[in-house]
Amino acid sequence: MKTQTILSIMHFLAWFVFIALLIKAGAILTTYIISWFNDIAAEKMYFDLDLSMYKAYSSIHYSFIVFNKVVLIIAQAYVALLMTDLLKGFNLTNPFNNSTVRLMEKICFSILVIWALSILHNAYLKALENAIGISAEYLDGSYLLWSALVYVLAQVFKRGVEIQTENQYTI
Amino acid sequence: MPVIINLDVMMAKRKMSLNELSEKVGITLSNLSILKTGKAKAIRFSTLELICEVLECQPGDLLEYRKILNN
């Protein structure tokens with residue numbers, strides 16, 4: 001009962017995170033469009049996100065950074081959406097099923113994509129920092145670890161499905 | 001699977017229906033159906049014992065090993 005309540009709260013939180021990330025991506029894109037007409041907008045892209053120095057240096061670099069950030073946020077939102085799917089269909093009496101395994105594998109590969117995007121983002125900012133000296137805020141690189149963790153869990157669930165099926169068909 | 005369950009053969013010999021066997025053995029119809037159609041992954045000794053008792057047969061009468069021939 002307690003676990004079911006925690007799962008329900010997590011389901012709600014996953015939806016909340018998904019919507020929040022979509023709003024964030026939308027806000028950054030909107031500010032990006034506005035920044036083409038008003039340079040001040042680039043100073044406050046989203047809360048403290050200030051990309052005005054990149055815009056002043058080069059519009060191409062600025063656009064690339066913005067799009068990289070937006071794609072990254074959309075990928076994170078996709079993971080949150082997969083989480084909602086996973087938590088919606090989670091059945092504690094029969095927890096091991098193929099759809100859960102498939103969802104976990106999807107989450108794992110999506111986190112891997114996020115890791116690749118964050119590496120690209122960080123490398124790009126590092127290169128710009130070296131070239132023009134704009135100090136950058138780097139993204140967290142621990143996504144690879146999370147991806148590996150989810151992959152291991154997916155494999156454990158896969159074995160769980162096999163054991164559960166075997167148990168179901170033992171008369 | 002090369003191990004075949006001859007439950008239907010034994011039932012026919014004893015002229016017993018699946019419903020009757022289910023009642024006498026105390027196993028649900030769906031579980032007996034899984035056993036009869038060969039979908040079962042394993043069978044408990046206790047289940048085998050009950051079926052043998054009701055059908056008055058030996059485990060060997062119910063289980064048979066048939067080698068799969070690969071072409």
Side-chain angles (χ1 to χ4, degrees), chain A residues 1-8 10-11 14 79 81-112 146-171, chain B residues 1-70:
Chain A
M1 188 68 194
K2 193 181 167 191
T3 317
Q4 196 64 55
T5 314
I6 292 168
L7 288 174
S8 302
M10 280 177 73
H11 185 216
V79 171
L81 186 70
L82 290 175
M83 276 296 289
T84 61
D85 260 4
L86 184 77
L87 292 165
K88 187 181 75 184
F90 204 79
N91 177 9
L92 275 179
T93 48
N94 249 349
F96 303 107
N97 54 61
N98 284 324
S99 67
T100 306
V101 173
R102 267 197 304 275
L103 273 170
M104 285 178 101
E105 280 175 349
K106 262 188 186 177
I107 290 173
C108 163
F109 293 122
S110 304
I111 297 175
L112 207 63
W146 289 113
S147 174
L149 190 73
V150 176
Y151 183 75
V152 169
L153 283 174
Q155 294 314 301
V156 170
F157 262 71
K158 205 179 237 178
R159 183 73 190 116
V161 172
E162 285 170 14
I163 292 170
Q164 193 173 274
T165 313
E166 212 167 276
N167 196 35
Q168 271 172 351
Y169 285 103
T170 297
I171 313 296
Chain B
M1 213 161 57
V3 174
I4 291 158
I5 302 198
N6 290 321
L7 187 64
D8 44 355
V9 176
M10 281 314 293
M11 279 163 59
K13 277 183 184 170
R14 302 288 181 258
K15 293 187 176 67
M16 199 179 279
S17 70
L18 205 63
N19 275 320
E20 202 182 338
L21 185 67
S22 165
E23 274 171 28
K24 285 185 176 170
V25 174
I27 297 172
T28 59
L29 264 176
S30 59
N31 275 347
L32 269 184
S33 180
I34 288 170
L35 204 59
K36 206 179 128 198
T37 51
K39 284 180 189 166
K41 296 262 183 193
I43 181 163
R44 291 189 189 93
F45 277 133
S46 56
T47 312
L48 197 59
E49 194 184 315
L50 282 167
I51 296 172
C52 286
E53 202 178 306
V54 171
L55 292 177
E56 294 170 350
C57 65
Q58 292 298 313
D61 298 327
L62 292 169
L63 303 171
E64 186 191 338
Y65 173 77
R66 256 186 234 166
K67 202 170 186 177
I68 295 173
L69 296 169
N70 293 323

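Bear in mind that the values here come from a model prediction, so they are computed numbers and not experimental data. Numbers restart at 1 for each chain; the letters A, B, ... are given by sequence-line order, proteins then strands.
- By the ring pair (Phe, Tyr, Trp, His ring centres under 6.0 Å) test, Phe157(A) is found to be paired with Phe96(A), residues two or more places apart in sequence or in another chain being considered.
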Atom pairs (donor, acceptor) spanning chain A and chain B, under 3.5 Å:
{"from": "Tyr169(A)", "atom 1": "O", "to": "Lys41(B)", "atom 2": "N", "distance (Å)": "2.8"}
{"from": "Tyr169(A)", "atom 1": "O", "to": "Ala42(B)", "atom 2": "N", "distance (Å)": "3.4"}
{"from": "Ile171(A)", "atom 1": "N", "to": "Ala42(B)", "atom 2": "O", "distance (Å)": "3.0"}
{"from": "Ile171(A)", "atom 1": "O", "to": "Arg44(B)", "atom 2": "N", "distance (Å)": "2.9"}
{"from": "Ile171(A)", "atom 1": "O", "to": "Thr47(B)", "atom 2": "OG1", "distance (Å)": "3.1"}

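- Heavy-atom contacts from other residues, nucleotides or ligands closer than 6.0 Å to OH of Tyr151(A) number 12 or fewer.
- For Ile27(B), the part lying near chain A is the side chain, with the backbone staying farther off; criterion is any non-hydrogen pair under 4.5 Å.
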